[in-house]
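Down below is the structure, laid out as structure tokens.
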Amino acid sequence: MVYAIGEAHGNCLLASRIYQANNPDLQRYPLTKCFVKLKERFERTANANYEKTARTHACSNQDRQIDIVGCAIQNPSTSIREISDEISISKSVVHRTLKKNNFHPYHPEHRQFLTEQDCQKRVLFTDDSSFANTGRENRHNCHHYADQNPRLMRQDDHQHRFKVNVWAGICGEYVIGPHFFEGNLTGNGYLQFLQNDLLQLQRHIPPDDLNSQWFQHDGAPAHSTLAISSNLTTS
């Protein structure tokens with residue numbers, strides 16, 4: 001193309017025709033404006049190659065990152081499209097910038113709406129705890145003043161151990177339990193308690209309150225088995 005422009009003495013339209021005549025086997029030929037741009041570039045840089053411009057990635061621009069992250073902090077429920085429209089930057093750059101700054105699109109979970117009275121009347125708050133005779137005492141509170149170390153000893157009967165698990169709950173003005181589990185608390189034992197003992201412990205609660213009751217317990221391993229979840233869902 002450069003030789004064609006030179007042969008045409010800078011006439012780009014003529015150079016286009018000369019190029020087509022010299023390359024008859026090509027399926028497509030460059031437009032006349034391509035010769036014009038090539039001529040201008042050659043006159044400006046004395047080089048036919050394209051100029052390489054330094055491209056600054058938008059995500060590396062600190063001010064732009066601050067704008068993007070600031071939009072997400074100011075309105076956490078916004079979307080990438082809304083941020084893109086607000087600060088006039090592409091959605092892909094917004095997405096990469098948020099990901100680079102550890103912002104992730106978390107989705108809310110739906111839960112039953114409760115009023116102030118519901119927490120007092122409808123929710124059965126429960127907890128269970130283990131008690132054993134192998135508890136540790138705070139020896140810092142045991143003193144024996146003397147001018148020499150008397151090498152005191154205190155005997156503890158830890159060879160005969162016992163442990164008991166106690167469950168209790170509260171719903172509004174009613175106290176439920178306590179209930180004692182034999183041995184360690186397991187998923188099967190907790191399931192038997194829910195199926196056979198819980199209703200008996202709540203026999204003094206009015207039926208209307210029981211029918212609208214929500215059961216609360218913590219995330220202990222014995223509370224998290226599939227059988228427990230299925231029982232509480234269908235009960």
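When a residue number appears, it is its place in the shown sequence, counting from 1. Keep in mind that the numbers below use all heavy atoms, side chains included, and drop hydrogens, waters and symmetry copies.
When the options T126, L201, L198 are evaluated for a side chain to side chain contact (heavy atoms under 4.5 Å, CB included) with H179, the one that passes is L201.
Residues satisfying the side chain to side chain contact (heavy atoms under 4.5 Å, CB included) test with V175, not counting sequence neighbours, are none. Every residue two or more places apart in sequence or in another chain that forms a side chain to side chain contact (heavy atoms under 4.5 Å, CB included) with Y29 is listed here: Y19, Q20, N23, L26. In this structure K37 satisfies the side chain to side chain contact (heavy atoms under 4.5 Å, CB included) test with no other residue, sequence neighbours excluded. With sequence neighbours left out, P24 forms a side chain to side chain contact (heavy atoms under 4.5 Å, CB included) with no residue at all. Residues passing the ring-ring contact (aromatic ring centres under 6.0 Å, His included) test with H9: none are found, sequence neighbours excluded. Scanning for side chain to side chain donor-acceptor pair (under 3.5 Å) contacts around N165 gives S130, with sequence neighbours left out. Applying the side chain to side chain donor-acceptor pair (under 3.5 Å) rule to N188 yields no partners; only residues at least two apart in sequence or on another chain are considered. Under the ring-ring contact (aromatic ring centres under 6.0 Å, His included) criterion, H95 pairs with no residue, sequence neighbours left out.
With rounding to the nearest 0.5 Å, the separation of NZ in K99 from NE2 in H104 is 8.5 Å. Expressed to the nearest 0.5 Å, how far OG1 of T97 lies from CD1 of I68 amounts to 3.5 Å. Note: D127 CG to I170 CD1 = 12.5 Å, rounded to the nearest 0.5 Å.
With a 6.0 Å radius and a threshold of 12 heavy atoms from other residues, nucleotides or ligands, E43 has its CD atom above the threshold.
Looking only at side-chain heavy atoms (C-beta outward), C171 and F125 stay at 4.5 Å or farther from each other. Using a 4.5 Å heavy-atom threshold, the side chains of I176 and W167 count as touching.
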Extract all donor-acceptor atom pairs below 3.5 Å that involve side chains of residues 219-228 and protein atoms in other chains or at least two apart in sequence.
| residue | atom | partner | partner atom | Å |
| --- | --- | --- | --- | --- |
| H223 | ND1 | D218 | O | 3.2 |
| H223 | ND1 | D218 | OD1 | 2.8 |
| H223 | NE2 | D128 | OD2 | 2.9 |
| S224 | OG | A220 | O | 3.1 |
| T225 | OG1 | I228 | N | 3.3 |

Residues 78-88, side-chain donor-acceptor partners within the protein, below 3.5 Å, at least two apart:
| residue | atom | partner | partner atom | Å |
| --- | --- | --- | --- | --- |
| T78 | OG1 | E82 | OE1 | 2.8 |
| S79 | OG | E82 | N | 3.2 |
| E82 | OE1 | S79 | N | 3.2 |
| S84 | OG | I89 | O | 2.3 |

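Within the structure, side chain to side chain donor-acceptor pair (under 3.5 Å) contacts touching residues 198-207 (residues at least two apart or in different chains) are Q202-Q213.
Side-chain N or O atoms of N101 include none that pairs as donor or acceptor with a backbone N or O of F103 at under 3.5 Å. Distance alone, capped at 3.5 Å, is enough to place a donor-acceptor pair between the K39 side chain and the G10 backbone.
H217 has its ring centre less than 6.0 Å from the ring centre of Y190.
Taking the six-membered ring where tryptophan is involved, the planes of F181 and F193 are perpendicular, since the angle between them exceeds 60° and thus also 30°.
Hydrophobic clustering, with ILVMFWY side chains joined whenever heavy atoms are under 4.5 angstrom apart, keeps L31 apart from V2. No continuous path of hydrophobic side-chain contacts links I66 to L98 [ILVMFWY only; heavy atoms under 4.5 Å]. No path of Ile, Leu, Val, Met, Phe, Trp and Tyr side chains, each step under 4.5 Å between heavy atoms, connects L199 with Y174, placing them in separate hydrophobic clusters.
Through direct or relayed side-chain contacts under 4.5 Å between Ile, Leu, Val, Met, Phe, Trp and Tyr, I18 connects to L14.
Between the side chains of D197 and Q192, no donor-acceptor pair of N or O atoms lies under 3.5 Å.
Annotation for A8 and A15: closest pair CB-N, 3.6 Å, computed over non-hydrogen atoms. Between A168 and P178, the closest heavy-atom pair is CB-CA, 4.4 Å.
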